[in-house]
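What follows is a short report on a single structure.
Computed over heavy atoms, backbone and side chain alike; hydrogens, waters and symmetry mates excluded. Starting from 1, each residue takes its place in the sequence as its number.
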Amino acid sequence: MALDSWQRIGQQIFVIADASAWWLGDWLIYGQEHYPDRYKIAIAQTSLDYQTLRNYAWVARKFSVLRRREKLSFQHHAEVASLPQGEQEIWLTRAEQFKWSRNELRRQIRAGAGAPDPEAVSTQVKLMLISERRDQWQKAAEQENKDLLDWIVSTLDDASKLALTSRT
């Protein structure tokens, strides 16, 4: 087999393997709503361990299909998944622009090289909530397969768009 053929096959295998992490994560998210023993079933079906499957679902939950970067691997997304959404976007954009490997992205984040401008990324807001309200919001977030903070931000985004369009 010629080297270029061997390399092309390797790239195709990588694309399939990378996509399967997203597919498994999305599959587990779907299963959350329908099957209480989804991880037990998934472990039996895939032979992957519980933590690997949890990681796939966690990353998939952090990135809707529309936010996933085709030019970057699942592992690139996993590197930034714990960051606020604005910072995720900045780091993923840099990784695309500079063609960083997953390891280089990790190094850049740890080094804080070109760290995001705090004013451009986020503003901290502290909410004091009664427990009933927090519980209600948490349930709503879970119904949309979002963590609470992502749900709050998307709900506020929707409300601000509605308010701005109703005034025009």
Side-chain angles (χ1 to χ4, degrees), residues 1-113 115-116 121-122 134-155 157:
M1 178 183 302
L3 177 60
D4 62 331
S5 296
W6 181 79
Q7 288 174 318
R8 192 173 359 83
I9 291 168
Q11 179 59 34
Q12 291 170 340
I13 292 169
F14 170 77
V15 168
I16 293 167
D18 192 59
S20 70
W22 289 117
W23 297 335
L24 284 167
D26 292 337
W27 176 63
L28 288 163
I29 292 168
Y30 175 84
Q32 178 180 359
E33 297 174 21
H34 304 284
Y35 310 107
D37 294 333
R38 70 188 180 286
Y39 282 104
K40 190 175 186 179
I41 295 165
I43 290 166
Q45 293 295 315
T46 66
S47 298
L48 294 171
D49 64 59
Y50 173 76
Q51 191 58 53
T52 299
L53 293 168
R54 290 272 308 189
N55 290 345
Y56 288 168
W58 182 74
V59 174
R61 203 174 274 112
K62 293 288 187 173
F63 293 94
S64 68
V65 174
L66 296 175
R67 290 190 57 231
R68 297 174 188 177
R69 307 287 182 100
E70 190 175 306
K71 293 179 181 178
L72 297 175
S73 71
F74 179 88
Q75 294 304 320
H76 281 89
H77 291 80
E79 286 298 322
V80 301
S82 65
L83 300 174
Q85 189 171 334
E87 288 184 44
Q88 291 172 354
E89 293 301 318
I90 289 170
W91 285 113
L92 291 175
T93 297
R94 288 180 181 163
E96 276 184 316
Q97 287 175 337
F98 300 114
K99 298 180 176 24
W100 289 339
S101 67
R102 190 265 341 241
N103 288 341
E104 182 60 25
L105 174 59
R106 179 183 288 174
R107 274 193 290 279
Q108 293 291 332
I109 292 169
R110 285 188 178 157
V121 175
S122 65
R134 188 194 187 290
D135 293 345
Q136 179 181 345
W137 291 4
Q138 182 66 47
K139 286 177 187 172
E142 289 171 1
Q143 283 186 327
E144 294 185 22
N145 289 322
K146 293 181 180 178
D147 68 26
L148 182 57
L149 182 58
D150 287 340
W151 180 85
I152 292 169
V153 170
S154 68
T155 301
D157 284 344

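Side chains of S20 and W27 form no contact here, defined as non-hydrogen atoms less than 4.5 Å apart. Here the side chains of L48 and Y56 are in contact, with some heavy-atom distance below 4.5 Å. R107 is not listed as a side-chain neighbour of W100, based on a closest heavy-atom distance of 4.5 Å or more. Here the side chains of E33 and N145 are in contact, with some heavy-atom distance below 4.5 Å.
Remark: E104 CD to I109 CD1 distance equals 10.5 Å, nearest 0.5 Å. Here L92 contributes atom CG and Q97 contributes atom CD; the two are 11.0 Å apart, rounded to the nearest 0.5 Å. Taken from CZ in F98 to CD in Q108, the straight-line distance is 8.5 Å, to the nearest 0.5 Å. Once rounded to the nearest 0.5 Å, the distance linking CD of Q138 with CD of Q143 reads 11.5 Å. Distance CG/N55 to CG/D49: 8.5 Å, rounded to 0.5 Å. Atom CZ of R8 sits about 12.0 Å away from atom CD1 of I13, to the nearest 0.5 Å.
Ring pair F74/W22 is perpendicular by interplanar angle, where above 60° counts as perpendicular and below 30° as parallel.
When all heavy atoms are compared, the tightest approach of I29 to R61 is CD1-N, 3.5 Å. Closest of all the heavy-atom pairs between H77 and L72 is CE1-O, 3.8 Å. Nearest heavy atom pair, residue D26 against residue R68, reads OD1-NH2, 2.7 Å. Nearest heavy-atom pair across K146 and S154 is NZ-OG, 2.9 Å. Taking all atoms of both residues into account, the shortest heavy-atom contact from S82 to W58 is N-CH2, 3.5 Å. Taking all atoms of both residues into account, the shortest heavy-atom contact from R69 to T93 is NH2-OG1, 3.1 Å.
Counting only distance, with no hydrogens or angles, the side chain of R67 and the backbone of K62 share a donor-acceptor pair below 3.5 Å.
A donor-acceptor contact closer than 3.5 angstrom is absent between the side chains of Q85 and E89. Side chains of Q75 and E79: no donor on one and acceptor on the other come within 3.5 Å.
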Self-check item: Audit row: Q7, Q11, side-chain hydrogen bond (donor to acceptor under 3.5 Å, both in side chains) steps and yes/no
Solution: CA-CA 6 Å; Q7 288 174 318; Q11 179 59 34; over 6 Å; no
Practice problem: Evaluate the salt bridge (charged side-chain N to carboxylate O under 4.0 Å, His left out) criterion for residues K139 and E142: first the C-alpha distance (whole Å), next the side-chain angles of each, then the deciding distance (0.1 Å), finally the verdict. | Solution: CA-CA 5 Å; K139 286 177 187 172; E142 289 171 1; over 6 Å; no
